[in-house]
Amino acid sequence: MIVTRFAPSPNGPLHLGHAFSAIAAHDRAKREDGEFLLRIEDIDGARSRPELADEFRADLAWLGLEYREVSPQSQRIASYRAAADDLRAMGLLYPCTCTRAEVAAAAHTHGPDGPLYPGTCLRRGPRPGADAAWRLDMEQAVMLAGPLEWTDERRGAQQARPEMFGDVVLWRKDAPASYHLAATLDDAADGVTHITRGVDLFHASHVHRLLQHLLGLPVPVWHHHPVLVEADGRKLAKRRDAPAIADRRRAGEDGRAVAAEVRSALFDTGISLSDALTLVS
């Protein structure tokens, strides 16, 4: 049975881009009598606002989407810690006390997530007494895993190239697991067979495929759909105050009619779909 999911973070209201993603995942499952899950990704420290999860549930119901809710990330910390311990025991994690400013200043090149970490703490060790994140030793991990492939329904077979990210953080200083580790573990635990998400996360799947191999997790199929962008090419984003669909719900609009417009790619003026792998954020 096909299982998809929608996994929003309660650090801001859902906007039309989220609606498009939720509908894409919902419809992908329902076309083949599968299951659509809701998972709240609520481990973003003080930015996570529990009351927004209720708004998300109301928004999905308003759009006419049927779902089964699974455990939020805040209830899964033990599994993240166990996976990090396993990777540490394999000699694949090392502590890093570098700040973002230090990484940006020392980086010689950029990857999909920004400045590529130059391995400062791998060479010198972490500063004593400083808070440490834990990074994946990408060179060792790739060498251990060997060649890997993954499949995107829209772009076909892909050769995994996680090294483009460099030594990614898997355990953060300010929160438990990173997105890469938590999402990979959650999808496996929830039995997700088709990871349906925006094309802006296409490159992250290279890292997730590597983690699946290292941790002995099942390998799903991916489906990276287009994302909504504004007239200037920037992706709709909470941090730029994209209009909340909750406001439309409270204003009395017909949610099912809005969902029908989204399915037909009928958006507000200045908003369109983009399938570009590199997007202006």
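Note on Arg161 versus Glu163: no salt bridge recorded, every NZ/NE/NH1/NH2 to OD/OE distance being 4.0 Å or above. The existence of a salt bridge linking Asp44 and Arg172 is confirmed by a sub-4.0 Å separation between a basic side-chain nitrogen and an acidic carboxylate oxygen. Between Arg5 and Asp190 there is no salt bridge, since no side-chain nitrogen of the basic residue lies less than 4.0 Å from a carboxylate oxygen of the acidic one. Asp85 and Arg88 are joined by a salt bridge, as a carboxylate oxygen and a charged side-chain nitrogen come within less than 4.0 angstrom of each other.
His225 contributes atom NE2, which lies 9.5 Å from atom CG of Leu273 (distance to the nearest 0.5 angstrom). Separation of atoms OH (Tyr94) and CG (Leu122) is listed at 5.0 Å; rounding is to 0.5 Å. To the nearest 0.5 angstrom, Lys30 atom NZ is 14.0 Å from Ile23 atom CD1.
Panel note: side chain Ser178, backbone Val169; a donor-acceptor pair is recorded below 3.5 Å. Not a single donor-acceptor pair under 3.5 Å links the side chain of Ser264 to the backbone N or O of Leu266. Side-chain atoms of Asp167 do not come within 3.5 Å of backbone N or O of Asp137 as any donor-acceptor pair. Between the side chain of Arg47 and the backbone N or O of Asn11, no donor-acceptor pair lies under 3.5 Å. Side-chain atoms of Thr97 never come within 3.5 Å of backbone atoms of Pro126 as a donor-acceptor pair (strictly under, hydrogens ignored). When atom types are taken as modelled, the side chain of His194 and the backbone of Thr196 share no donor-acceptor pair closer than 3.5 angstrom.
The side chain to side chain donor-acceptor pair (under 3.5 Å) with His224 is formed by just one residue from the set Asp152, Asp200, Asp275; it is Asp152. For the side-chain contact (heavy atoms from CB on, under 4.5 Å) with Thr4, the qualifying choice from Arg28, His26, His223 is Arg28, the only one to do so.
Considering only residues two or more places apart in sequence or on other chains, Asp254 meets the side chain to side chain donor-acceptor pair (under 3.5 Å) condition with none of them.
Pairing each heavy atom of Ile43 with each of Ser48, the nearest pair is N-OG, 3.8 Å. Glu66 and Phe36 get closest at one heavy-atom pair: O-CD2, 3.3 Å. Of all heavy-atom pairs spanning Leu93 and Ala84, the tightest one is CD1-O, 3.4 Å.
Classified by interplanar angle (parallel below 30°, tilted 30° to 60°, perpendicular above 60°), the ring pair His206/His203 is parallel.
The environment of Arg123 atom CZ is dense: over 12 non-hydrogen atoms of other residues, nucleotides or ligands sit within 6.0 angstrom.
Contact check for Gln158 versus Arg209: no side-chain heavy atoms found under the 4.5 Å cut-off. In this structure the side chain of Trp134 never reaches within 4.5 angstrom of the side chain of Leu170, judged on heavy atoms. Put simply, the side chain of Leu201 does not reach to within 4.5 Å of the side chain of His208, judged on heavy atoms. In this structure, the side chains of Glu55 and Arg249 come closer than 4.5 Å at one or more pairs of heavy atoms. Side-chain atoms of Tyr67 and Phe6, non-hydrogen and from C-beta on, never get closer than 4.5 Å to each other. Counting heavy atoms from C-beta on, the side chains of Leu14 and Pro8 come closer than 4.5 Å. Using a 4.5 Å cut-off on side-chain heavy atoms (C-beta onward), Leu37 and Arg39 make no contact. When side chains are defined from C-beta on, Leu87 does not count as touching Trp171, because their heavy atoms never get closer than 4.5 Å.
Transitive grouping of hydrophobic side chains (ILVMFWY, heavy atoms separated by less than 4.5 Å) brings Leu185 and Met90 into a common cluster. The hydrophobic clustering, which links ILVMFWY residues whose side-chain heavy atoms are closer than 4.5 Å, places Val142 and Leu211 together. Linking Ile, Leu, Val, Met, Phe, Trp and Tyr whenever their side-chain heavy atoms come within less than 4.5 Å leaves Phe267 and Val229 in two separate clusters.
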